[in-house]
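Written below as structure tokens is the structure these notes are about.
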Amino acid sequence: MSSTASAKPSKLPPFDAADPLGIDDLLGPDDLAIRDTVRTWATDRVLPHIAEWYEKGELPGIRELARELGALGALGMSLDGYGCAGASAVQYGLACLELEAADSGIRSLVSVQGSLAMYAIHRFGSEEQKQRWLPGMAAGEIIGCFGLTEPDHGSDPAGMRTYAKRDGEDWILTGRKMWITNGSVAGVAVVWAQTDEGEDGRGIRGFVVPTDAPGFSAPEIHHKWSLRASVTSELVMDEVRLPADAVLPDAKGLRGPLSCLSHARYGIVWGSMGAARASFESALDYARSREQFGRPIGGFQLTQAKLADMALELHKGILLAHHLGRRMDAGGLRPEQVSFGKLNNVREAIEICRTSRTILGANGISLEYPVMRHATNLESVLTYEGTVEMHQLVLGKALTGLDAFR
């Protein structure tokens with residue numbers, strides 16, 4: 001018998017209900033420090049107020065929150081230079097998870113700022129554009145938004161009607177964008193528009209638009225029942241005159257905005273698990289303390305089956321997010337793999353919220369608990385950055401080699 005076989009097994013660590021698979025073992029000290037810092041900030045600054053903000057349908061003090069997030073290094077977190085933190089993709093993902101555990105609207109603020117507006121300028125902008133906008137955006141002094149979706153064109157951005165035409169050296173931008181996070185409070189908007197510059201006479205280009213430009217307005221959208229603690233707006237461009245250097249020089253065609261969306265979707269893979277974790281933890285705590293028929297409901301088989309199934313999907317989703325993060329850090333993450341993560345994790349997060357609500361019973365619909373708030377927020381997260389159907393078709397095309405979009 002070998003010495004290895006005869007050796008006594010090492011003592012196993014106790015089972016941790018908060019981390020049943022030992023996923024924290026995959027994280028280094030810097031990863032844990034960033035996660036804990038963002039969690040503490042969200043606990044102190046968001047959780048005490050979020051139910052009231054959600055009920056009123058507002059996000060008061062958004063500019064102050066943005067500056068605080070900038071001081072944390074959470075804005076443009078995975079970008080290098082220009083005041084950005086230069087964090088890893090996994091560290092950015094951990095931050096998204098903790099922010100969305102507080103509320104999807106807070107994570108959306110950070111995602112749109114960093115993964116859409118800042119990412120577009122950082123990847124496709126000129127050096128002058130980067131120097132002008134990115135340091136202020138990283139600090140939270142300037143809030144950005146990203147204008148792609150239109151009232152009549154969401155999943156098919158190639159059909160957008162927003163148009164930019166040449167007028168001498170200038171551009172004249174006209175059109176509307178819809179469902180734009182941060183729009184009404186933004187100092188800069190990255191807007192995508194049709195131009196006459198493509199080989200077929202139609203080429204999509206990105207423009208960096210100061211929101212104080214004449215002809216630009218951003219009326220806020222009200223009467224939402226999801227993402228209520230988030231600023232959502234329409235962008236209206238009525239012959240906005242822009243200088244020649246407003247165009248993003250390195251973005252031509254749809255690949256530009258779609259690469260930005262892929263970066264934002266990656267954050268959702270993590271963030272949705274934050275909403276799921278908050279709902280699961282609420283249900284678990286409730287099951288341990290709520291008594292029916294003379295004992296805690298967590299002691300009944302049906303409740304334990306629900307908790308076990310939720311724990312499985314929650315921690316499988318976090319493992320998937322970790323895997324995709326490692327691939328992104330290694331430079332090997334494909335858009336189809338991001339679709340895999342976004343489709344799975346948001347769908348499972350919604351199911352976890354719904355199951356958690358059944359454990360809480362009637363209390364599950366109260367804003368005293370986070371479950372219904374997360375559930376309604378996730379209905380928006382399910383749709384934005386690509387609907388379920390679009391991600392299914394992305395994966396279907398990758399699997400079969402056949403394009404079923406049209």
Side-chain angles (χ1 to χ4, degrees), residues 18 38-62 64-66 68-69 96-112 179 181-182 184-185 220-233 268 270-292 296-298 303 306-307 310 313-314 345-384:
V38 176
R39 181 181 295 182
T40 298
W41 179 86
T43 299
D44 293 343
R45 289 291 287 118
V46 179
L47 289 183
H49 314 289
I50 189 62
E52 179 183 358
W53 297 344
Y54 187 92
E55 190 166 28
K56 292 183 177 180
E58 61 185 21
L59 186 57
I62 184 174
E64 182 181 355
L65 291 172
E68 292 177 17
L69 287 162
C96 286
L97 188 151
E98 295 302 330
L99 291 170
E100 194 146 356
D103 192 77
S104 299
I106 303 300
R107 199 267 309 144
S108 293
L109 163 64
V110 169
S111 287
V112 170
W179 303 114
T181 298
N182 300 347
S184 304
V185 294
E220 189 169 353
I221 297 171
H222 298 286
H223 309 299
K224 301 178 299 177
W225 287 111
S226 179
L227 287 181
R228 290 178 56 77
S230 176
V231 175
T232 310
S233 314
I268 292 172
W270 285 89
S272 57
M273 290 295 97
R277 187 192 73 192
S279 297
F280 171 76
E281 289 177 346
S282 181
L284 181 59
D285 288 344
Y286 191 86
R288 288 166 170 163
S289 60
R290 172 70 167 180
E291 292 192 2
Q292 292 291 293
I297 62 174
T303 303
K306 292 177 181 181
L307 292 169
M310 287 192 290
E313 297 307 325
L314 170 62
N345 281 15
V346 179
R347 193 159 58 183
E348 295 303 330
I350 288 178
E351 188 59 33
I352 288 170
C353 289
R354 291 172 179 165
T355 304
S356 296
R357 211 287 299 166
T358 69
I359 292 176
L360 270 70
N363 286 323
I365 71 168
S366 170
L367 282 177
E368 187 176 343
Y369 300 90
V371 175
M372 185 59 74
R373 174 169 54 83
H374 282 305
T376 55
N377 281 340
L378 285 170
E379 292 293 341
S380 290
V381 179
L382 187 72
T383 299
Y384 69 29

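Computed from a prediction, not measured in an experiment: that's the story for all the values here.
- Residues Trp53 and Asp103 fail the side-chain proximity criterion, which asks for heavy atoms closer than 4.5 Å.
- By the neighbour-count criterion of 12 heavy atoms within 6.0 Å, atom CD of Glu220 is densely surrounded, having more than that number from other residues, nucleotides or ligands.
- Rounded to the nearest 0.5 angstrom, Asn377 CG and Lys224 NZ are separated by 9.0 Å.
- Looking only at side-chain heavy atoms (C-beta outward), Val381 and Arg107 come within less than 4.5 Å of each other.
- In this structure, the separation between OH on Tyr384 and OG on Ser104 is 6.0 Å, given to the nearest 0.5 Å.
- Atom CD in Glu100 sits 6.5 Å away from atom OG in Ser108 (nearest 0.5 Å).
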Salt bridge (Lys or Arg N to Asp or Glu O under 4.0 Å) for Lys306 and Glu313? Distances and angles first, verdict last.
CA-CA 11 Å; Lys306 292 177 181 181; Glu313 297 307 325; over 6 Å; no

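- The CG atom of Leu227 sits 11.5 Å away from atom CG of Leu109, with the distance rounded to the nearest 0.5 Å.
- Residues Leu284 and Arg288 meet the side-chain proximity criterion, which asks for heavy atoms closer than 4.5 Å.
- Contact of the Ile50 side chain with the Arg373 side chain is registered, since non-hydrogen atoms from C-beta on lie closer than 4.5 Å.
- Around the NZ atom of Lys56, the shell of radius 6.0 Å holds no more than 12 heavy atoms that belong to other residues, nucleotides or ligands.
- The side-chain heavy atoms of Leu59 and Leu65, taken from C-beta on, include a pair separated by under 4.5 Å.
- Remark: Trp179 pairs with no residue by the ring-ring contact (aromatic ring centres under 6.0 Å, His included) rule, at least two apart or across chains.
- The OG atom of Ser233 sits 8.5 Å away from the NE2 atom of His222 when rounded to the nearest 0.5 Å.
- A cation-pi arrangement, defined by a distance under 6.0 Å to the six-membered ring centre and an angle within 45 degrees of its axis, is present between Arg228 and Trp225.
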Residues 275-283, side-chain donor-acceptor partners within the protein, below 3.5 Å, at least two apart:
residue : atom : partner : partner atom : Å
Arg277  : NH1  : Glu98   : OE2          : 2.9
Arg277  : NH2  : Glu98   : OE1          : 3.0
Ser279  : OG   : Ala275  : O            : 3.1

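- Using a 4.5 Å heavy-atom cutoff, the side chains of Val231 and Ile62 are in contact.
- Under the 4.5 Å side-chain criterion, counting only non-hydrogen atoms from C-beta, Ile359 is in contact with Leu307.
- Residues forming a ring-ring contact (aromatic ring centres under 6.0 Å, His included) with Tyr286 (at least two apart in sequence, or on another chain): Tyr369.
- Atom CZ in Arg39 sits 11.0 Å away from atom CG in Leu47 (nearest 0.5 Å).
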